[in-house]
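What follows is a set of notes on a single structure, which appears directly below.
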Amino acid sequence: MSHSDSRPLVAVLNGPNLNMLGLRQPHIYGHATLDDVEQLCAETAEQLGLAIDFRQTNGEGEIVTWVQECRGRAAGIVINPAGYTTTSIALLDALLASELPVIEVHISNIHRREEFRQHSYVSKAAVGVICGLGIRGYALALTAMADLLEDSR
Ligand code: DHK
């Protein structure tokens with residue numbers, strides 16, 4: 001995760017199965033694809049004066065490594081941990097170790113869904129959580145992140 005321009009860099013990290021957006025249970029996750037999410041994030045970041053590094057992985061170790069790489073390089077992390085939200089203490093530990101502001105995003109409203117989706121380890125490391133607003137949650141998260149970074153200057 002290298003960064004050379006002067007805009008603050010926000011990592012936008014996506015966990016397992018989000019590469020299937022658009023195909024996957026569209027009544028829950030909508031019809032937009034991960035490419036659409038990336039485009040929305042890129043446009044929003046441009047308007048906010050942020051640089052983004054947008055990534056998706058199906059691997060727990062890979063997302064942990066990406067979070068570790070954020071330390072000292074990125075200014076903040078927007079993360080949809082997907083299925084690792086409720087299972088990964090390793091991801092929680094990496095986010096805590098990053099010492100960066102973290103905003104957790106879920107496309108669906110996890111609180112209206114199965115109970116097992118509702119306990120998030122990641123929330124223990126998050127400044128805030130956005131869920132249930134579809135992919136616009138990513139744009140809202142970047143907007144909130146820009147405010148947080150501005151406040152901390
Ligand atoms: C995405 C997933 O893949 C699920 O495992 C989560 C989240 C919900 C979302 O709404 O973006 O439970």
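Atoms considered below: every heavy atom in the structure, side chains included; atoms not considered: hydrogens, waters and symmetry mates. Both ligands and their constituent atoms are indexed starting at 1 by order of listing.
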Open item on the list: Applying side-chain hydrogen bond (donor to acceptor under 3.5 Å, both in side chains) as the test, list every pair that has at least one member in residues 8-31; sequence neighbours left out.
Closed with: Asn14-Tyr138, Asn19-Gln56, Arg24-Tyr29, Tyr29-Arg113
Task: CZ (Arg136) with more than 12 external heavy atoms under 6.0 Å - done: no
Task: Summary of side-chain hydrogen bond (donor to acceptor under 3.5 Å, both in side chains) pairs that have at least one residue in residues 88-100, sequence neighbours excluded - done: Glu60-Ser88
What does the contact table look like for ligand 1 (nitrogen or oxygen on each side, cut-off under 3.5 Å)?
| residue | atom | partner | partner atom | Å |
| --- | --- | --- | --- | --- |
| ligand 1 | 3 (O) | Arg24 | NH1 | 3.0 |
| ligand 1 | 3 (O) | Arg24 | NH2 | 2.8 |
| ligand 1 | 5 (O) | Gly83 | N | 3.3 |
| ligand 1 | 5 (O) | Arg117 | NH1 | 3.4 |
| ligand 1 | 10 (O) | Ile107 | N | 3.1 |
| ligand 1 | 10 (O) | Ser108 | N | 2.8 |
| ligand 1 | 10 (O) | Ser108 | OG | 2.6 |
| ligand 1 | 11 (O) | Asn80 | ND2 | 2.9 |
| ligand 1 | 11 (O) | Ile107 | N | 2.8 |
| ligand 1 | 12 (O) | Arg117 | NH1 | 2.9 |

Task: Glu43 and Gln47: side chain donor to acceptor below 3.5 Å - done: no
Open item on the list: Taking transitive links into account, so neighbours of neighbours count too, which hydrophobic residues share a cluster with Tyr121 at under 4.5 Å side-chain distance?
Closed with: Ile89, Leu92, Leu96
Task: Atom CD of Glu114 with >12 non-hydrogen neighbours under 6.0 angstrom - done: yes
